[in-house]
Amino acid sequence: MTFGSPSALERYVPVPPAETYAALVKVAASRFNLKKTDDFTRTCHFTSGMSEFTWGEKFIAQVVPSEGGATVKVSGVGKIGGQLLQHYRNAKLMNLLLDDVVDLLRPAS
């Protein structure tokens, strides 16, 4: 992986796309700085703040229909390229987002 290149993750959920998108927007707004949403393409743009080792990140997430549910795709890149630990922070934040979306959608047992 080169410095400044985007990282991406995705996760399948057995929940309809509309419900999954609502959960994604809710989590993105509570955990990050939500910049823009598009209900037609089920896409949202959000950013994170600076950390001890990075200048912050920009993310794009989208919910796409999948057989029996939906897939949440998220990609992120550092606001300033060349940060040595950027890839690890991107992965950490994207996994936190996806974990929160799944937890919000998971039926109560």
Side-chain angles (χ1 to χ4, degrees):
M1 163 152 294
T2 59
F3 291 128
S5 63
S7 14
L9 291 174
E10 62 182 54
R11 195 164 302 167
Y12 169 82
V13 290
V15 177
E19 189 177 340
T20 303
Y21 177 67
L24 171 64
V25 171
K26 183 175 183 176
V27 170
S30 68
R31 185 174 280 280
F32 300 94
N33 182 12
L34 188 61
K35 296 292 189 177
K36 181 171 84 169
T37 61
D38 184 338
D39 295 343
F40 180 69
T41 61
R42 294 187 181 120
T43 305
C44 62
H45 299 250
F46 49 96
T47 60
S48 66
M50 293 189 321
S51 72
E52 187 174 346
F53 300 106
T54 69
W55 289 98
E57 297 77 26
K58 297 177 186 178
F59 297 98
I60 299 173
Q62 182 179 32
V63 174
V64 294
S66 295
E67 187 174 336
T71 300
V72 181
K73 298 181 177 192
V74 59
S75 64
V77 67
K79 290 180 183 175
I80 296 178
Q83 302 295 310
L84 185 59
L85 300 175
Q86 189 68 63
H87 175 71
Y88 300 107
R89 178 152 164 89
N90 287 357
K92 175 185 173 182
L93 293 174
M94 289 187 293
N95 272 307
L96 286 172
L97 172 83
L98 293 172
D99 289 347
D100 286 356
V101 169
V102 169
D103 288 345
L104 188 60
L105 293 170
R106 187 180 310 277
S109 29

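Counting begins at 1 with the first residue of the sequence.
The side-chain heavy atoms of Gln62 and Val72, taken from C-beta on, include no pair separated by under 4.5 Å.
In terms of heavy atoms, Tyr12 sits closest to Thr71 at CD1-OG1, 4.0 Å. Taking each heavy atom of Val63 and Ala70 in turn, the nearest pair found is CG1-CB, 3.8 Å.
Atom CG in Asp99 sits 8.5 Å away from atom CZ in Arg31 (nearest 0.5 Å). The distance from the NE2 atom of His45 to the CG atom of Leu34 is 10.0 Å, given to the nearest 0.5 Å. To the nearest 0.5 angstrom, Lys73 atom NZ is 11.0 Å from Thr43 atom OG1. To the nearest 0.5 Å, atom OG1 of residue Thr47 and atom CG of residue Asn33 are 4.0 Å apart. Atoms CG and NZ, on Leu97 and Lys92 in that order, are 14.0 Å from each other to the nearest 0.5 Å. Expressed to the nearest 0.5 Å, how far OG1 of Thr20 lies from CZ of Arg42 amounts to 8.5 Å.
There is a path of hydrophobic side-chain contacts, each under 4.5 Å, that joins Met94 to Val102. Leu96 and Val13 fall within a single hydrophobic cluster, where Ile, Leu, Val, Met, Phe, Trp and Tyr side chains are chained together by heavy-atom contacts under 4.5 Å. Hydrophobic clustering (side-chain heavy atoms under 4.5 Å, transitive across Ile, Leu, Val, Met, Phe, Trp, Tyr) keeps Tyr21 apart from Val64.
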| query | Given Leu105 and Val101, is the side-chain contact (heavy atoms from CB on, under 4.5 Å) satisfied, shown in steps? | reply | CA-CA 6 Å; Leu105 293 170; Val101 169; 3.8 Å; yes

| task | Assess whether side-chain contact (heavy atoms from CB on, under 4.5 Å) is satisfied between Lys36 and Cys44, documenting all intermediate values. | result | CA-CA 6 Å; Lys36 181 171 84 169; Cys44 62; over 6 Å; no

| query | Under the side-chain contact (heavy atoms from CB on, under 4.5 Å) criterion, do Leu9 and Leu98 qualify, and how do the steps go? | reply | CA-CA 9 Å; Leu9 291 174; Leu98 293 172; 3.9 Å; yes

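Using cut-offs of 30° and 60° on the angle between ring planes, the pair Phe32 and Phe46 is tilted.
At least one donor-acceptor pair closer than 3.5 Å links the side chain of Ser48 to the backbone N or O of Glu57.
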